[in-house]
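Below is one structure, written out as C-alpha cells; comments come after it.
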Protein chains: 2
Amino acid sequence: MREDDAYRAAAMYYLQDQTMEVIAGTLGVSRSTVSRLIKAARDEGIVRIALRRPSGTGADLGHRLAATFGIMAHVVPVRERASEVQRLEQVAMVAAGLVTDWVQAGMVIGVAWGTTVTAIARHLTPSPARGSVVVQLNGAANTFAGGVTYAGDLVSSIATAFDSTPHLFPVPAFFDFAETKEAMWRERSIRRVLAVQRRVDLALFGVGALAADVPSHVYNAGYLDDAEMAELAADRVVGDVCTVFLREDGTYRDVAINARATGPTPHELRTLGRRVCVAVGAAKVPALLGALRARVATDLVTDEATARLLLEHLHRESVAG
Amino acid sequence: MREDDAYRAAAMYYLQDQTMEVIAGTLGVSRSTVSRLIKAARDEGIVRIALRRPSGTGADLGHRLAATFGIMAHVVPVRERASEVQRLEQVAMVAAGLVTDWVQAGMVIGVAWGTTVTAIARHLTPSPARGSVVVQLNGAANTFAGGVTYAGDLVSSIATAFDSTPHLFPVPAFFDFAETKEAMWRERSIRRVLAVQRRVDLALFGVGALAADVPSHVYNAGYLDDAEMAELAADRVVGDVCTVFLREDGTYRDVAINARATGPTPHELRTLGRRVCVAVGAAKVPALLGALRARVATDLVTDEATARLLLEHLHRESVAG
DNA sequence: AACCATCGTGCACGAACGTGCACCGCCGCC
DNA sequence: GGCGGCGGTGCACGTTCGTGCACGATGGTT
C-alpha cells in the first residue's frame with residue numbers, strides 16, 4: 001500500500017517530472033508526504049539511478065585496457081585533483097550500479113572483503129534477486145576478536161541489498177599451518193561453503209597492495225607478522241587478490257604463504273563466471289597488474305587516473321625489460 | 001569535455017547526493033552551470049532513472065498473467081481514477097525503461113507502429129547501442145501521403161535513441177491484391193528488409209483493437225474501407241498485431257485480409273527472440289487476449305487495470321463457455 | 001477507562017533549485 | 001578596426017523541496 005504510493009509518486013516525479021505539489025493532488029496527500037514517499041522510494045531501491053559513462057572520456061583508456069588484458073574495462077572519469085578516497089567513492093558507486101545491473105534472481109554472488117568491497121557495499125541500493133546467495137570468498141577472522149564481525153557484517157549487508165541468503169566463511173584469513181587448512185578443508189561444514197563458492201556466478205573483489213600509503217586492511221590488521229611481511233617482500237610479492245598473494249608478473253603458485261591462505265586462487269577464480277575486480281589508487285597498480293596477468297578478472301572497474309597509471313606502468317616495464 | 005563535466009556533476013548529484021553548490025565548488029563553475037550540466041546529463045541520457053515495481057501490488061496480477069500465458073508480465077501500478085491516456089503514458093514510460101535496459105550493442109530491434117509505440121518512443125532516453133539496427137516490422141504507407149512520414153519518423157526517432165541504423169519498410173499497411181504482395185515479396189529491395197526482420201532480437205509492438213472507443217490508428221486512417229471493416233467484424237476479428245488480424249481465440253490464418261497484410265504473422269513473430277507487447281485500455285482486452293493466445297509476446301507491459309480486466313474477461317469466458 | 005508510546009501526517013520555515021535576464025568573450029563580417 | 005550575432009556564464013528572483021515540530025489517531029498496557 002505504502003510501497004505502492006511510493007512507486008506512483010516516484011514514477012510521476014522522476015519519469016513524468018511533475019512537481020510534488022501536483023503529485024500530492026493526484027494522490028490526495030500533502031506535499032510533504034509526497035516528499036517522504038519519494039525519499040522512501042529511493043531508499044528502498046524502487047528508484048534506481050544509473051549513469052552511463054559518456055562516450056568521450058575514458059572510453060579510449062577502457063578500450064586499451066580491454067585490448068591488453070582481454071577484459072571489460074569500466075573507467076570512471078574523475079577530477080584529477082580529487083583525493084584517492086573521493087575517487088574510491090566514485091568508483092565504488094559506479095561498481096555498485098554495475099553489480100546491481102548484473103545481479104539476477106537465483107545467482108550466487110561471491111564477495112571478498114576489504115576497503116574496496118566495503119565501499120561498494122555502502123553504495124548498494126536494495127534490488128531483490130529472488131533465491132540469490134551471497135557467499136564470502138575468503139576467511140577473515142583474525143587473531144583479535146573483531147574480524148568475524150567485520151567480514152560478516154559486510155557479507156550480510158550485501159546479502160540484505162539483494163534480499164539473498166548470506167553464507168559466511170568462518171575461517172581465518174590465513175592459517176598458521178598449512179596442515180590445519182587441509183584438515184579444515186576436509187570438514188563437512190567448510191566443504192559446504194567451498195561448494196557454494198565453486199558455483200559463484202558473480203565474484204566481487206578488490207586487490208590488496210603490499211606497498212600502500214594507506215595500508216590495505218589485510219596488512220595492518222594483525223593477520224601477518226613482521227617476519228611474514230619480510231618473507232613476502234623477499235618473494236617479490238606486490239599484493240593479493242582474495243588474500244592470495246601475487247607477484248607483478250601474475251605468478252603466485254610458489255608463494256609459500258598461499259598454502260595457508262583461505263581465498264580462492266586465481267586458478268580457481270577463473271572457473272567462475274563473471275569476476276569483477278575493483279581497484280583505485282596508485283599504490284595498487286603493481287598488484288592490479290599482477291591480478292590482471294593472472295587473469296582473475298573478467299571485468300575491471302577503476303578510475304581514469306589508475307587506468308592511466310596502469311598503462312604507463314606497463315609501458316615503462318616493456319621499455320625497460 | 002562538456003559531456004564529461006556533465007557526467008561528473010550528475011555523478012556527484014545523483015550518486016553522492018551532494019548539493020549543486022558543493023559540486024560547483026569542486027568543478028570550479030557557478031551553481032547555475034551545474035544545474036544546467038545536470039539537466040543536460042538527463043537529456044542526453046547520461047543519467048538513467050529506472051523504477052522497479054514494488055513487490056506488493058501488481059506482482060500478484062503479474063504472476064497470474066505469467067502463469068496463464070507463459071510470458072513475463074510487467075504490470076504497472078496506476079491510480080484507478082487515472083484516464084486511459086495517463087495510464088498509457090505511465091506504461092509507455094515503464095516500457096521505454098525496460099526496452100532501454102534490454103537493448104545491447106549489435107541488436108536488431110523490430111518495431112511496429114501505432115499510438116502505443118509512438119508513446120514509448122516519446123519516452124526513450126538516448127542510450128547508444130553500437131551497431132544496432134531498428135527495423136520497421138509492418139508497412140505503413142496509406143492511400144494518403146502522410147503515412148510514410150509518420151511511421152518513418154517513428155522508426156528513425158527510435159533509431160536515434162539507440163544510435164542505430166533505421167531500416168524502413170516502404171510498403172502499404174495492406175495491399176489491395178494479395179498478388180501484389182507476393183510480387184513485392186520477391187523484390188530484392190523488400191527481401192532485404194524481410195531478411196533483417198527475421199533477425200530481430202527485440203520486437204516492440206502494441207495491439208490494435210477493432211472496437212476501440214478511441215479508434216486505433218490503423219482503423220481510422222484510411223487503411224481500410226467500410227466493406228473491409230464489415231468483413232472483419234463478420235469474421236469475429238477483435239484486433240491486430242503488426243496489422244495482422246486476430247480473433248479472440250488467437251486464430252488468424254483464415255482471416256482473408258491477412259493475405260494482403262504486410263506485418264509478420266504470429267507464426268513468424270514466434271521465431272524472434274524477445275517480443276514485447278505493450279497494451280493499455282479496456283477496449284484492447286479482447287485483442288490482447290487473442291494476441292497472447294497466439295503467443296506473439298514473450299513480455300507483456302500493461303497497467304493494473306488492463307491486467308485485471310484481462311483476467312476477469314478470461315474468467316467470465318471460462319464460466320460462460 | 002485512562003494513560004502512554006508510537007506512528008503517520010500536515011504546517012511552516014529555511015535551504016536548494018530552475019530559469020529569465022544581462023553580461024562577456026569569441027568569431028565572422030562589413 | 002569596428003560591429004553585431006551567438007554561445008556560454010553568473011546573478012537574482014521566484015519556485016520547489018527537505019525536515020523539525022506539533023498534533024491527532026491508533027493500539028497496547030496498567
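Chain naming here is simple, since letters A, B, ... match the order of the sequence lines and numbering starts at 1 in each. The basis for the numbers below is simple: all heavy atoms, side chains too, and nothing from hydrogens, waters or symmetry mates.
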Please tell me if the side chains of B/Phe162 and B/Ser127 come closer than 4.5 Å, counting only heavy atoms from C-beta onward. yes
Gap between atoms CD and P, on A/Gln18 and D/dT16 respectively (whole Å): 12 Å
What is the distance from atom OG1 of B/Thr118 to atom CG of B/Leu154, rounded to the nearest 0.5 Å? 4.5 Å
Check every strand shown and say whether A/Ser35 touches a base, only sugar-phosphate, or nothing at a heavy-atom separation below 4.0 Å. base
Rounded to whole angstrom units, what separation is found between the CG atom of A/Asp17 and the C1' atom of D/dT15? 15 Å
Mind checking if B/Thr19 touches a base, just sugar-phosphate, or nothing, with heavy atoms under 4.0 Å? sugar-phosphate
If I take atom CE in residue A/Met12 and atom C1' in nucleotide D/dT16, what distance separates them, rounded to the nearest angstrom? 18 Å
What is the separation between atom CZ on A/Arg31 and atom P on C/dG10, rounded to the nearest whole Å? 11 Å
For atom CD of B/Glu21 and atom P of D/dA12, their distance in whole Å: 13 Å
Under 4.0 angstrom, heavy atoms only, what part of the nucleic acid is A/Ser32 near: base, sugar-phosphate, or nothing? base
Any chance you could measure A/Met107, atom CE, to A/Arg130, atom CZ, to the nearest 0.5 Å? 13.5 Å
Output the rounded distance in Å from CE (B/Met20) to P (D/dT9). 16 Å
Euclidean distance, atom CD1 of residue B/Ile23 to atom C1' of C/dC17 [Å, nearest integer]: 12 Å
Does C/dG10 have its OP1 or OP2 closer than 4.0 Å to a side-chain nitrogen or oxygen of A/Thr33? yes
Of all heavy-atom pairs linking A/Trp102 and A/His74, the shortest is CH2-NE2, 3.8 Å
Below 4.0 angstrom, N of the basic side chain to O of the carboxylate: do B/Arg308 and B/Glu312 qualify? no
A/Lys39 side-chain N/O to D/dT19 phosphate OP1/OP2 under 4.0 Å: yes
Respond yes when some side-chain nitrogen or oxygen of A/Tyr13 is under 4.0 Å from OP1 or OP2 of D/dC17, and no when none is. yes
Taking atom C1' of C/dA12 as reference, at what distance in whole Å does atom CZ of A/Arg36 sit? 12 Å
